[in-house]
Structure formats: C-alpha cells, structure tokens
There are 2 protein chains.
Amino acid sequence: MTPLSPPGNEPPEARVTIRDVARLAGVGIKTVSRVINGEPNVSEHTAVRVRQAITQLRWEPDIRARNLRRADGRTHTIGLLLGSVSNPFAAEMHRAIEDVAANRGYAVLASSHDDDPAREGTAMAAILGRRVDGVILMPIAASQAYLQTDIDRGLTVVCVDREPSGALIPSIRSDARVAASVATRHLIRRGHHRIALLHDDENIWTARERRYGYLDAMRFAGLEIDESLIVGGLSTPELSGAASDRLMRIQDPPTALVCGNNLITIGAVRTLQRLSLQHDIALVGIDDFDTADLIAPPITVVAQRPSQIGRLAADQLFAMIDGTLPRSGPPISVPTDLIERGSGEIGPGSSD
Amino acid sequence: MTPLSPPGNEPPEARVTIRDVARLAGVGIKTVSRVINGEPNVSEHTAVRVRQAITQLRWEPDIRARNLRRADGRTHTIGLLLGSVSNPFAAEMHRAIEDVAANRGYAVLASSHDDDPAREGTAMAAILGRRVDGVILMPIAASQAYLQTDIDRGLTVVCVDREPSGALIPSIRSDARVAASVATRHLIRRGHHRIALLHDDENIWTARERRYGYLDAMRFAGLEIDESLIVGGLSTPELSGAASDRLMRIQDPPTALVCGNNLITIGAVRTLQRLSLQHDIALVGIDDFDTADLIAPPITVVAQRPSQIGRLAADQLFAMIDGTLPRSGPPISVPTDLIERGSGEIGPGSSD
DNA sequence: GTTGCCCATGACAACGGTGTCAGAATCGTT
DNA sequence: AACGATTCTGACACCGTTGTCATGGGCAAC
C-alpha cells in the first residue's frame, strides 16, 4: 500500500557484495576485483560482463573492507578538529581544507572541541578510531604529547592557527604576536596611551601570543603597562561586551581597544554602541569579518587569511602523507593585513 | 639526536592489533574482544591482565574491522552535505548536528556542493562509499531519486533547509514561503508599494518558495507586481550589490528591498551605504546574522533558527536509524521570527 | 562419586574486499 | 608436434575484528 515502495523484485535491506556480482557475471570474485581496480590481464569480454553485473546490481565496493587488506591501508579520509565548525574563522579554514581534500579524493571528518582541553582528547580519539590518514588540528590542550605514539606509528598531523607543544608537529598560522603588535602600534601612532587588550583564554596559544605582541608594542613605545587594561578569558561576545562595559566605567578609562578575535570585536562594538562611545573610543580588531565595513564607524582590523592557512595546511598534510615532505618541520607564518576602515583611526582626544 | 624521538624500544610504523594484545596478556583474541566490549563471562583476573596489555601497547581497536563483522554493520559515522560549510547559516546547522551526533558517539563527514547540482552527486558518492549510517542533505539537484535505491537498501536520509524531490525523504526546514511573505507584508504595512525581491538561483527550493511568498503578500495586498523588481540568481554579495545598484538607478526605483538570504542582505546593504540610501530605502533580510544590530540602521530580519533545524534533523535521523521513526515522513516546519531593528521600519516617503 | 549446570575460555568461521600464486588457455616458435 | 612464454583466471590466505560453538574446569545436588 505504501505508494513508492520498490516493485518487490529487489529484496530490501539486502547487502550487495562482490560475491553477488561475481555470481551474476559468472566469474570469480578476484576477477571482479581486477575490473574495478583497473588491473591488467582481464579480457574485454569478461570485463564487459562484470561491468554489466555491477550496474545491474548497483553495487559499490565497501571502502572499509577494501582498505583493510590493501597494502597502504589508506582510508582516504582526514580528520579536522577545530574550536568550533561554526566559528567564521574556523569555517573558512574548513572550507579551504575541504577543497584541497576533495580534489585528491579525500573526505573530511570534522569536529569541534570548543576550546576545552579535555574535549580535544575525546574528539581526537573518536577521529583516530576511524583510522584517518591524517589530522588537521587547532590545538587547545596544554600538550599534544599524547599524539606522539600515533605519530611514531605513522599518523600524520598538522596544526593550524596555533602552535602545538610536546610533540613534533608542523603548524600553519598567522604570526599572532606580530598581528597584535601591529594593531597596538597603529593605535599608539594615533596618540593613544591607555590602550586596553581584550583577549581570549590564556591557555589558547594565540591569546598568549597576542598579549606578548601587545606588550611588545607598549614597551617599545615606552608606555606604562596597566594590568587592569588587559582582560583575558573572553570566549563569547557577551563576556567581551561585559568586560568592555566595565572598562569604560573605571576611573581613567582606556581611549582605545585591541580586540583579540572576531567574537570579542563584536561584543566590544555592541557595548560601545550601547554607550554611544563608538565614535570616541578607537578600536582595532584581530580577524576580519564580512560586515566590518558596514558598521558605523567601519571596523579597522588586522585581517588573518583563514583560507590561505587552510589551503597551506592541507597541502602540507598531503605532502607529508605522500612522503614528499618530512612529518615534522618548523612552523609556517602566514601574513596578516592591516585594513584601515575608520574605527582604528579615531584619536584619543574625543572622549577625555 | 632528534630531541623528541621515541626511546627506540617501540618499532615505528608497527601496527598494533588485537593479536598483539592477546599474546602479551597470554589469552586468546576473543577474550580481548570480550573485555573491550564489556561482554560477560570474563574473570576479573583475566580482564585486568588484558586491560594492562592494552594500555601498555596503547592499542585501540580498528573501528572498520569491527563494523565489518558486527551484526548491524554500523559505522557510527554520518554524512553531512551542505551548500558550503563556510556559510554562517550552514555552519550553525552543522554545529548543532555535530553536537547531537557526538553525544551518541557518532562522527560527521562534512562536505560542500556549492549549490552545484552535479557536485551533489559526486560529493554524495564520496560519502556513501564510506558507508555512513545516515546522511543529512541540503538538496540542490533537481531530483534526489538517485538516492532511492540506497534508501531501499537501508540508507537513512534527512533533508535540511530545503525540500527534496523524487524520493521519499523527510525534511526539516523553515517555511520559506511564509518567511518571505512576512517580510514583504511587514514592508507593505509601512506603506511601501514598490518592493523589490533580491533572491538566489531559482533551482534552489528556498529561492523559489520565497518568490511565492513575496508574490502571496503582494497579491493579497492588491499591489501591482513588477517583474523588473524581482531579481534572482544572486549567489554572492557582489552579485547582490550590483543588482541593488541597478535597481536604484531605474526609472521608478523600489522604496524597499526584501533580501532572500544573509549574503544577499550584506551585498544590498553595502550598495545602499555606498549610495547613501541606507536611511531612505527600507530593507528586510531573511536569515539573521551576528552583526545585524551593529549596522546603521540596524537590519530588520526574518530570522531562521539554523541550530534548531540542525538539532531536529539530527534527532530525526537517529530516530530513523534506531528504527523508532519511519524512514519517510512529512516535512517539518521550524518557525521564523521577525526581528524589527530599524531598516525594515523606514517609510516610503523619504527618498521620493 | 557421579551427574548436571554454569562460567570462563579459545578455536574457528565470517565480514567484504585485496594479494599471492598456481593452473588453464592461448599463442608463436622451432 | 612439442615447447616455452604470455595472458587470463580463480582458489586460497589474509586484513583486524566479532559471532558461534565446543571444551574444560569448578561447584552444587543427588
């Protein structure tokens, strides 16, 4: 009675295997294997019969069983472990990685660890259990030493966005320290002295580095460093907004903000707008975002190049898998670009 | 000399199997299997020895081999095929799906088809070859009939964001027609007559539906429908911006815009700002985005609920896999929310 | 001291493919 | 006609795990 149920000539739920194909074609299973793998020494006559049987049964070989016996044991699948697949920066990298992978017949197993060190471990275990040929990791755990055993046994790993520690893994990333220093210097050059740094949790490599970069620029300019203007742990726009609010209410508030990533920038801008301070307080964000030019004032950023990072990471990973590149190496820095749009060019005079 | 190389007692590249564990523990392989699967009838003494051997060798069972023999044949992996993993709307759904999947020990194979019907086929083949237990698909091809054979053989599929056609697949999505109609009505209520619709390629289900919704609202209000105010095929912000620019230069330009998705909205806003018309032309976007409230004027949107769609889709998929829900069913609509922020409340008077 | 039962265990086949190898069929030489 | 070389083919073992089943030992009941 079900309208679209199959005509009944095909038993549903029946798995089609290479044996069914061989039987229908009247050959041995190995001959079927030869045909689908393009191995030589199959007569055209036989090959045609086999191919007919394959299409008739709509059979597709089981990649898992295939790789189980195959010499190289490749699964043609890579793992990707990011902070969150929904973060725009991460999603951009993801897309670039997928493009490289798809070109090489690879699929991508993607997951998120939410910058929780414990979840890096569990998510990685879930990935490794599926026997991927390589992993691209945005590290968050204090150490990646736990991967060393698998690396010694042939696992290929590349880190993105952040430096790993405790294991010999190459990484592709922006120079976070320089980026923060550029952002801070840009504000100093406009005459700001009291510059706040809003950044993420310090167990994230980029957050630590950005703090160093900020301090570099402040010290180089001979400016006093006020620890109360450095706020970490801002993992959501809400936390960033609340921190901005507090900063604006202290005795001698900052005249400029450096925001450590896209989410922090959004939270800070939201608060500045609520306090009607967006045209008085200068702001430079790290990470660009789609609508940065549409906000009033438009947001000046030190833009990273997420898709370039992703592409380079995937290229590196596959080169390592192919054996054309050693499985460890020095970190690779991808340039960042200062984009002046307005918010970073506000002088210190307006609010005081 | 390499600082972190292993002490050399472990031969690199050596695969550890259940046999190695069994040998070290002095038991049969089946006993090891019993221990890791929590099967009864293993003495505690033996179990401890086995567990010791496992940690000592750092062995992890091969999920592929495991599923090969297991009765149900589950891979505990699902496929996810979206327009693009980097689109904010899709990325949000992706994240919600991943959360549900991870909770159930499932991994997600994610890929993008860029709204290219041909790539839906190739990407799907890549996913199915890896023997996933289910697939969540944002359809783009004119028909999903090609999936019917696999569905009859036990494949579980759920569509998101769009209706499939040609196969009995349940779908979870917003009511795109109603959403567009709500957006249009909102503008009509403010007195607009000449309302433009900027939308995506019409082989995308949502784009077609949104056109219907727009027409519904216009007809219901008894307004004349000017086909030159309906522009489709806008797949990027650049195309949307250019189309907006053209619309603003025609004889009798529209006084309001309905934008069919997040990227279209961004392109249109960019053009309006460039022409300094953002406070004169009303605009309602479909899809919310992070910074919609920070733009001047803040963008009024009909917000979808991508994470709810993702969560429901994953719930549905797993219920179907578990057999607690039939593998086909009626589409499920997720509500949309009109959020008035300013851009949609501009009257028709200002520019004429 | 048997008998019967249950618990613990491992030998073996199986999953769906590929690698190895030996044998059959075809062909060209001498 | 006999030979070797080459092409084609399938039987069989194997990949790393789980399902099935037989076996042996311990223990309670008779």
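Computed from a prediction, not measured in an experiment: that's the story for all the values here. Residue numbering restarts at 1 for every chain, and letters A, B, ... go by the order of the sequence lines.
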Gap between atom CZ of A/Arg51 and atom CD of A/Glu44 - 0.5 Å precision: 5.5 Å
Modelled atom types, side-chain donor and acceptor of A/Glu163 and A/Ser171, under 3.5 Å: yes
Interatomic distance where CZ belongs to B/Arg74 and P belongs to C/dC15 [whole Å]: 19 Å
Residue pair A/Ser84 / B/Arg95, side-chain donor-acceptor N/O under 3.5 Å: yes
Carboxylate-amine/guanidinium proximity below 4.0 Å for A/Asp152 and B/Arg58: no
For nucleotides 13-16 of chain D, which of its nitrogen or oxygen atoms have a protein nitrogen or oxygen under 3.5 Å away, and what is each distance?
{"residue": "D/dC14", "atom": "O2", "partner": "A/Arg69", "partner atom": "NE", "Å": "2.7"}
{"residue": "D/dG16", "atom": "N7", "partner": "B/Arg19", "partner atom": "NH2", "Å": "3.3"}
{"residue": "D/dG16", "atom": "N2", "partner": "B/Ala65", "partner atom": "O", "Å": "3.4"}

Pairing residues for B/Pro326 by the side chain to side chain contact (heavy atoms under 4.5 Å, CB included) criterion, not counting sequence neighbours: none
Residues touching DNA chain C, which here means a heavy atom under 4.0 Å, drawn from residues 30-37 of chain B: B/Lys30, B/Thr31, B/Arg34
Sidechain N-carboxylate O distance under 4.0 Å for B/Asp20, B/Arg23: yes
Enumerate all atom pairs, one protein N or O and one N or O from nucleotides 26-28 of chain D, separated by less than 3.5 Å.
none

Ion pair check, A/Arg131 and B/Asp62, cut-off under 4.0 Å: yes
Taking only distance into account, with no hydrogens and no angle test, what donor-acceptor pairs under 3.5 Å do side-chain atoms of residues 25-32 of chain A form with protein atoms, sequence neighbours excluded?
none

Shorter than 3.5 Å, N or O on both sides, protein versus nucleotides 6-8 of chain C: list them out with atom names.
{"residue": "C/dA8", "atom": "OP2", "partner": "B/Asn41", "partner atom": "OD1", "Å": "3.1"}

SB check B/Arg104 B/Asp133 (cutoff 4.0 Å): no
